[in-house]
Amino acid sequence: MSRPAPSPIYTLRGSGGPLNTLHFSCLGGDTPLLFSGSGSGAIHIWNLNSRRAEKIVEGHSGSSVIWVNSLQSKDALISQGRDMQVCLWDLREGRSEPVDSVWTSSVGFCQCSLLDSSPGNYLLAFAGEQTEEIKIIELPSKTPVCTLVPDTKLGMVMCIKLWQHIDTDIDPHQLKLSNVVVFPSGRLRLLFHTEPDSGPGPLLLAGYEDGSLLLWDVTQRSKLSQAKAHPEPVMCLTFDTKRLRGISGSSEKKLTPWMLDGQNNLQLQDCVTLVNPGVSDLCIRDDGKLLASAGWDHRVRVFGWKKLRPLAVLQYHPDMVLSVAFSNHQDPRQRLLAAGSKDQRISLWSIYNEGADNG
């Protein structure tokens with residue numbers, strides 16, 4: 001049974017449009033921030049101490065902002081709009097104009113995905129001009145890295161996730177004997193090396209219009225595995241890089257969890273049944289304990305990520321919830337869940353709970 005639903009601790013109003021995307025920046029400095037992108041084309045930077053918009057910027061010609069993220073600092077932003085532009089921002093010293101932009105040629109709703117590749121450099125993935133293509137470039141140079149196109153017709157790219165799994169354990173099967181040293185005492189020392197291409201490179205998960213999930217190897221420009229997760233378009237997905245486990249949502253009354261096995265094969269798991277159909281967004285908290293879903297039925301649902309046990313149904317918005325995000329505050333007791341709705345409001349919830357550890 002779900003626990004009794006709490007009330008939001010406060011709400012943020014004045015976005016001027018549906019809240020398509022949310023992103024927290026709570027690390028470093030004394031002021032926790034929440035960035036929001038709205039259907040009116042505005043990016044609001046909310047001061048969570050004063051509970052007011054600290055700054056409002058517009059760089060997408062009034063087109064809907066569908067994705068926003070921060071780079072190395074809270075003053076360096078990246079945003080994506082329906083004007084087919086990705087904008088780069090430097091908000092230091094009161095600046096409020098984009099410093100650079102990338103033309104995507106995509107008219108869809110697929111949000112970009114960003115991955116730190118090296119200090120000060122990033123990989124950016126976005127849907128391309130052609131229906132099924134995904135393009136990856138390096139920032140800030142905007143150097144093309146690759147274009148990923150499936151060999152079968154899967155329809156439009158709906159959602160993507162760039163990631164890289166850092167494994168500190170060396171697989172013994174990757175060790176190769178390189179030399180044998182014989183000491184005067186007669187002892188032997190065997191010297192091993194790892195295969196030069198055995199290190200994990202960037203990977204990309206993509207959900208498509210026909211309900212398929214694909215895992216791509218970015219370095220090799222090749223498809224590693226594929227699974228049919230939904231009968232309808234994959235509306236959203238999120239992925240836990242530590243557990244190699246993810247979950248996706250569609251217009252149906254279910255969530256589909258899945259995982260990667262040792263050979264990078266996508267393995268579907270038992271579905272989670274929902275009361276009402278339609279999921280706009282999914283988010284896993286940084287500590288890997290909670291999952292939140294944004295519902296077309298105006299509700300936010302919170303699950304324990306380990307066992308996908310329902311923990312709470314959050315009811316506040318009179319219209320569909322479009323986005324959810326967990327804060328990354330260092331103090332667990334100050335971690336919040338934000339939900340953005342078509343009703344132009346953001347609700348903030350305190351979901352700190354020791355009991356969620358076993359969820």
What's the shortest heavy-atom distance between Gly94 and Lys55, and which atoms? O-NZ, 3.5 Å

Side chains of Arg301 and Asn276: does their closest heavy-atom pair fall under 4.5 Å? yes

Just wondering, more than 12 heavy atoms not from Met156 lying within 6.0 Å of its CE? no

In Å, rounded to the nearest 0.5 Å, how long is the span from NE2 of His44 to CG of Leu12? 9.5 Å

Walk me through it: do Leu290 and Ile284 pass the test side chain to side chain contact (heavy atoms under 4.5 Å, CB included)? CA-CA 6 Å; Leu290 296 178; Ile284 300 169; over 6 Å; no

Whether the side chain of Ser38 engages the backbone of Ser40 through a donor-acceptor N/O pair (distance < 3.5 Å, no angle test) should be reported. yes

Got a donor-acceptor contact below 3.5 angstrom from the Asn47 side chain to the Arg52 backbone? no

Quick one: does Leu311's side chain get under 4.5 Å of Ile351's, heavy atoms only? no

Where do Cys110 and Ile160 land on the side chain to side chain contact (heavy atoms under 4.5 Å, CB included) test, with the steps shown first? CA-CA 7 Å; Cys110 180; Ile160 53 180; 3.9 Å; yes

Side chain to side chain contact (heavy atoms under 4.5 Å, CB included) evaluation trace for Leu139 with Asp100: CA-CA 11 Å; Leu139 294 177; Asp100 204 352; over 6 Å; no

Kindly write out the residues that satisfy ring pair (Phe, Tyr, Trp, His ring centres under 6.0 Å) with Trp163, not counting sequence neighbours, or none if the list is empty. Phe239

Please examine the side chains of Leu336 and Leu34, heavy atoms only from C-beta on, and report whether any two atoms are closer than 4.5 Å. no

Between the side chain of Thr147 and the main-chain N/O of Lys135, is any donor-acceptor distance below 3.5 Å? no

Between CZ of Phe35 and CG of Leu22, what distance do you get to the nearest 0.5 Å? 11.5 Å

Give a yes or no answer on whether the side chain of Ser347 reaches the backbone of Pro8 with a donor-acceptor pair at less than 3.5 Å. no

Measure the NZ-CZ distance between Lys306 and Arg245 for me, rounded to the nearest 0.5 Å. 10.5 Å

Inspect the contact between Arg335 and Asp286 and indicate whether a charged nitrogen and a carboxylate oxygen are less than 4.0 angstrom apart. no

Student check: side-chain heavy atoms of Ser36 and Ile43 closer than 4.5 Å: no

Same cluster (ILVMFWY, side-chain, under 4.5 Å), Leu213 and Ile247: no

hydrophobic_cluster_shared for Phe24 and Leu114, side chain cutoff 4.5 Å: no

Name all pairs fulfilling the side-chain hydrogen bond (donor to acceptor under 3.5 Å, both in side chains) condition that reach into residues 257-266, sequence neighbours left out, sorted by first residue then second. Ser248-Trp258, Asp261-Asn265, Asp261-Gln267

Mind listing the closest non-hydrogen atom pair of Leu266 and Leu215 along with its distance? CD1-N, 4.0 Å

Would you call Tyr208 and Pro150 a side-chain contact if the rule is heavy atoms closer than 4.5 Å? yes

Following the transitive rule for hydrophobic clusters with a side-chain heavy-atom cut-off under 4.5 Å over Ile, Leu, Val, Met, Phe, Trp and Tyr, establish whether Leu88 and Tyr122 coincide in one cluster. yes

Interatomic distance, CG@Leu91 vs CG@Leu77, rounded to 0.5 Å, equals 4.5 Å

Give a yes-or-no answer on whether the side chains of Ser141 and Thr143 include a donor-acceptor pair shorter than 3.5 Å. yes

Can you give me the closest heavy-atom contact between Cys236 and Ser280, atom names plus distance? CB-O, 3.5 Å

Answer whether the closest heavy-atom distance between the side chains of Ser250 and Val234 falls below 4.5 Å. no

Ion pair check, Asp90 and Arg95, cut-off under 4.0 Å: yes

Output, in order, the C-alpha distance, side-chain angles, deciding distance and verdict of side chain to side chain contact (heavy atoms under 4.5 Å, CB included) for Ile66 and Arg82. CA-CA 7 Å; Ile66 63 173; Arg82 292 298 312 285; 3.9 Å; yes

With no hydrogens and no angle check, is any side-chain donor or acceptor of Ser105 less than 3.5 Å from a backbone partner on Glu129? no

Any heavy-atom pair between the side chains of Trp46 and Ile346 that's under 4.5 Å? yes

Taking the side chain from Ser63 and the backbone from Gly81, do they hold a donor-acceptor pair closer than 3.5 Å? no

Look at the side chain of Gln334 and the backbone N and O of Asp331, then say whether any donor-acceptor pair between them is shorter than 3.5 Å. no

Here's a test for you: under side chain to side chain contact (heavy atoms under 4.5 Å, CB included), which of Leu237, Asn20, Val321, Val324 qualifies with Asp281? Val324

Same cluster (ILVMFWY, side-chain, under 4.5 Å), Val157 and Leu123: yes

Keeping to residues at least two apart or across chains, list the salt bridge (Lys or Arg N to Asp or Glu O under 4.0 Å) pairs with something in residues 213-230. Asp210-Lys228

So, do Tyr316 and Ser341 sit near enough that their side-chain heavy atoms are less than 4.5 Å apart? no

Check Val145 against Ile137 and note the closest heavy-atom contact, atom names and distance. CG2-C, 3.9 Å

Which heavy atom in His60 sits nearest to a heavy atom in Gln85, and how many Å separate them? CE1-O, 3.3 Å

Atom OG1 of Thr21 and atom CH2 of Trp67: how far apart are they, to the nearest 0.5 Å? 8.5 Å

Please check: side-chain N/O of Ser25 versus main-chain N/O of Leu33, any donor-acceptor pairing under 3.5 Å? no

Of the non-hydrogen atoms in Phe326 and Cys283, which two are nearest, and what is the gap between them? CE1-O, 3.3 Å

Is there a path of hydrophobic side-chain contacts, each under 4.5 Å between heavy atoms of I, L, V, M, F, W or Y residues, that connects Val99 with Val57? no

Under 3.5 Å, side chain of Arg13 to main-chain N/O of Arg345, donor-acceptor pair present? no

Distance (rounded to the nearest 0.5 Å) between His317 NE2 and Arg299 CZ: 12.0 Å

Treating Lys142 as the side-chain partner and Ser101 as the backbone partner, does any N or O pair qualify as donor plus acceptor under 3.5 Å? yes

